[in-house]
**Q** 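Would you mind keeping the following structure in view while I ask a few things?
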Amino acid sequence: MFSHISGGLLPSDVVELSGAEGTGKTELLLNIVAYCILPKVVGSNRNLGKEVEVVYVCTDYKFDLLRLVTVLEAKVNAAYGGGACAVTVKEAVKSCLSRTYVTHCSSSSELSATLDFLRITYLPRHPEVAAFVLDNVASFYWMDKSRLSKPADRPSLELWVKSVSNLIREHHLVLFVAKPLLIGRTDEAPHLTKSCISDDFMCRQWRQLVKYRFLLQKARKLPGNTQTDAIFRCTPLPPLHSSQPHTAYYTFTIKDSGVHFMP
C-alpha cells in the first residue's frame with residue numbers, strides 16, 4: 001500500500017489511516033507491526049520483515065495480542081514453505097514479540113504522560129525502535145470536548161501534537177495512526193466525496209504533521225468475484241488543500257494469516 005511513495009517511508013513521516021468502524025484500520029496496523037518486527041531472513045525468504053522494534057500505544061483497547069501472534073505464526077510458517085516445526089515457529093514468534101512494546105491509555109492526560117515517558121525514558125534506551133503506532137489518535141477528542149466546559153480548560157490539542165512531533169523527530173520514528181471517519185460517507189460506496197477528503201476535525205497542526213493519508217472503506221464485491229471474504233478498499237488521499245481524489249486504490253481481504261492485497 002506504500003508502493004506509490006517514491007523512496008518509501010522515511011523517519012519522521014506520519015501515516016494516517018482513516019475510516020469508519022469495521023474498515024480494517026486496526027488489522028492493517030497489526031500487519032504493519034508484524035512486518036516491522038519479523039526478521040529479515042527466515043527460511044528461504046530473504047526479505048520477510050524489517051527486524052526493528054515497535055512501540056504500540058492503544059487508546060481504544062482494540063489491540064489483540066493473540067491476533068498478532070496468529071499473523072506472525074502464519075508468516076513464519078509460510079517462509080519455511082509451510083513445513084516449519086512448532087518449536088521453530090514458537091521461537092521465531094517469541095523473538096518478534098521481544099521487539100514490541102505495547103501500552104494502553106484510558107485518558108488524554110495518561111496519553112500525554114505516556115508520550116513524555118517514551119520520549120524521555122524509554123526511547124533513549126531503545127534506539128532500535130523505528131516505528132510508533134497509535135490506535136487511535138482521536139479516542140479522547142470528543143470526550144475532552146464535552147467534559148470540560150471552558151475552552152481554556154481543555155487539553156491543548158496543539159501542544160499534544162507538538163509533543164508527538166518532537167518525539168518522532170528526536171528519535172527518527174515513522175508514525176502510523178488510525179483515525180475514525182466522522183465526516184463524509186461511511187457506507188460501502190466506492191466513490192470518494194469531497195467531504196471525505198477536505199473535512200477534518202483535528203487541528204491545523206495535526207493536518208500539517210500528517211504526510212500520507214489513506215481512506216479505508218468496505219468495498220462492494222467485484223464483478224465475477226466468488227470469494228466470501230469481505231473486500232476492503234484502501235485509497236491514498238491527496239493533501240488536504242486539494243479537492244481532487246486519487247483514482248488509484250488498493251483492495252485487500254483479511255484472512256487468518258493477515259491482510260492480503262489483491263492484484
**Q** Got a sec: does the CD of Glu21 have more than 12 other heavy atoms crowding it under 6.0 Å?
**A** no

**Q** Which value, rounded to the nearest 0.5 Å, describes the distance between Arg233 atom CZ and Phe252 atom CZ?
**A**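 If we round to the nearest 0.5 Å, Arg233:CZ and Phe252:CZ are 11.0 Å apart.
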
**Q** Provide the closest heavy-atom pair for Lys211 versus Asp13 in the form atom of the first, atom of the second, distance.
**A** CD-OD1, 3.2 Å

**Q** According to a hydrophobic-cluster definition based on side-chain heavy atoms being under 4.5 Å apart (Ile, Leu, Val, Met, Phe, Trp, Tyr only), do Tyr212 and Leu216 belong together?
**A**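 Tyr212 and Leu216: one cluster.
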
**Q** Examine distances only and state if a side-chain atom of Ser112 and a backbone atom of Ser108 form a donor-acceptor pair shorter than 3.5 Å.
**A**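 A pair under 3.5 Å: yes.
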
**Q** Counting only N and O atoms by type, is there a donor-acceptor contact under 3.5 Å from the side chain of Lys25 to the main-chain atoms of Gly19?
**A**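 Yes; judged by distance alone, with no hydrogens or angles, the pair exists.
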
**Q** Can you get from Leu65 to Leu28 by hopping between Ile, Leu, Val, Met, Phe, Trp and Tyr side chains that sit under 4.5 Å apart?
**A** yes

**Q** If we check side-chain hydrogen bond (donor to acceptor under 3.5 Å, both in side chains) with Tyr56, which of these qualifies: Thr103, Asp135, Thr100?
**A** Asp135

**Q** I want to check something: taking the side chain as every heavy atom from C-beta on, are Lys40 and Lys50 in contact at a cut-off of under 4.5 Å?
**A** no

**Q** Given the rule that I, L, V, M, F, W and Y join up when any side-chain heavy atoms are under 4.5 Å apart, are Val14 and Val52 in one cluster?
**A**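 Different hydrophobic clusters.
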
**Q** Within a strict 4.5 Å, meaning less than it, do heavy atoms of the Leu72 and Leu97 side chains meet?
**A** yes

**Q** Looking only at side chains, do Thr121 and Arg125 share a donor and an acceptor under 3.5 Å apart?
**A**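 There is no such pair (donor and acceptor under 3.5 Å, judged by atom type) between the side chains of Thr121 and Arg125.
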
**Q** Minimum heavy-atom separation for Glu110 and His104, please, with both atom names.
**A**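 Closest approach of Glu110 to His104, heavy atoms only: OE2-O, 3.3 Å.
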
**Q** How many angstroms lie between atom CG of Asp256 and atom CD1 of Ile254, to the nearest 0.5 angstrom?
**A**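 Between Asp256 CG and Ile254 CD1, I get 11.0 Å after rounding to 0.5 Å.
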
**Q** Would you compute the distance between atom CG of Asn136 and atom CG of Asp60 and round it to the nearest 0.5 angstrom?
**A**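 Reported value, rounded in 0.5 Å steps: 5.0 Å.
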
**Q** Do Pro124 and Arg119 have side-chain heavy atoms sitting under 4.5 Å apart?
**A** no

**Q** Please assess Leu173 against Leu123 for the test side-chain contact (heavy atoms from CB on, under 4.5 Å), listing each intermediate value before the final yes or no.
**A** CA-CA 10 Å; Leu173 309 178; Leu123 290 172; 3.9 Å; yes

**Q** Which atoms form the tightest heavy-atom contact between Phe176 and Ala131, and what is the distance?
**A** CE1-CB, 4.1 Å

**Q** Answer yes or no: is there a side-chain heavy-atom contact under 4.5 Å between Val129 and Val54?
**A** no

**Q** For the residue pair Leu115 and Trp160, establish whether any side-chain heavy-atom pair is separated by less than 4.5 Å.
**A** yes

**Q** Would you call Thr253 and Met262 a side-chain contact if the rule is heavy atoms closer than 4.5 Å?
**A**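 SC-SC contact between Thr253 and Met262 confirmed.
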
**Q** Roughly how far, to the nearest 0.5 Å, is CG of Leu38 from CG of Asn47?
**A**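 So the CG of Asn47 and the CG of Leu38 are separated by 11.0 Å.
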
**Q** Do the non-hydrogen side-chain atoms of Trp206 and Glu16 ever get within less than 4.5 Å of each other?
**A** yes

**Q** Given the rule that I, L, V, M, F, W and Y join up when any side-chain heavy atoms are under 4.5 Å apart, are Tyr35 and Leu134 in one cluster?
**A** no

**Q** As an exercise, state the distance from CZ of Arg67 to OG1 of Thr26, rounded to the nearest 0.5 Å.
**A**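 That separation rounds to 11.5 Å.
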
**Q** Kindly determine whether Glu51 and Arg99 satisfy side-chain contact (heavy atoms from CB on, under 4.5 Å), including the steps that lead there.
**A** CA-CA 8 Å; Glu51 204 167 341; Arg99 291 189 280 272; 4.0 Å; yes

**Q** Treating Ile, Leu, Val, Met, Phe, Trp and Tyr as nodes and any side-chain heavy-atom pair under 4.5 angstrom as an edge, say whether Leu17 and Phe261 lie in one connected cluster.
**A**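 Looking at the clustering, Phe261 is in the same group as Leu17.
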
**Q** What is the ring orientation for Phe117 with Tyr122, classed by angle as parallel under 30°, tilted 30 to 60°, or perpendicular over 60°?
**A** tilted

**Q** Tell me the closest heavy-atom pair linking Phe232 and Gly22, and the distance in Å.
**A**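 Distance-wise, the nearest heavy atoms are CE2-O, 3.3 Å.
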
**Q** Mind checking the CG-NZ spacing from Leu29 to Lys62? Nearest 0.5 Å is all I need.
**A** 10.5 Å

**Q** Within the structure provided, determine whether Val15 and Leu175 are in side-chain contact (heavy-atom separation under 4.5 Å).
**A**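 Not in contact.
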
**Q** Give me the atom names and distance for the closest heavy-atom approach of Val71 to Gly258.
**A** CG2-CA, 4.0 Å

**Q** Could you pull out the closest heavy-atom pair between Phe63 and Cys58, with the gap in Å?
**A** N-SG, 3.6 Å

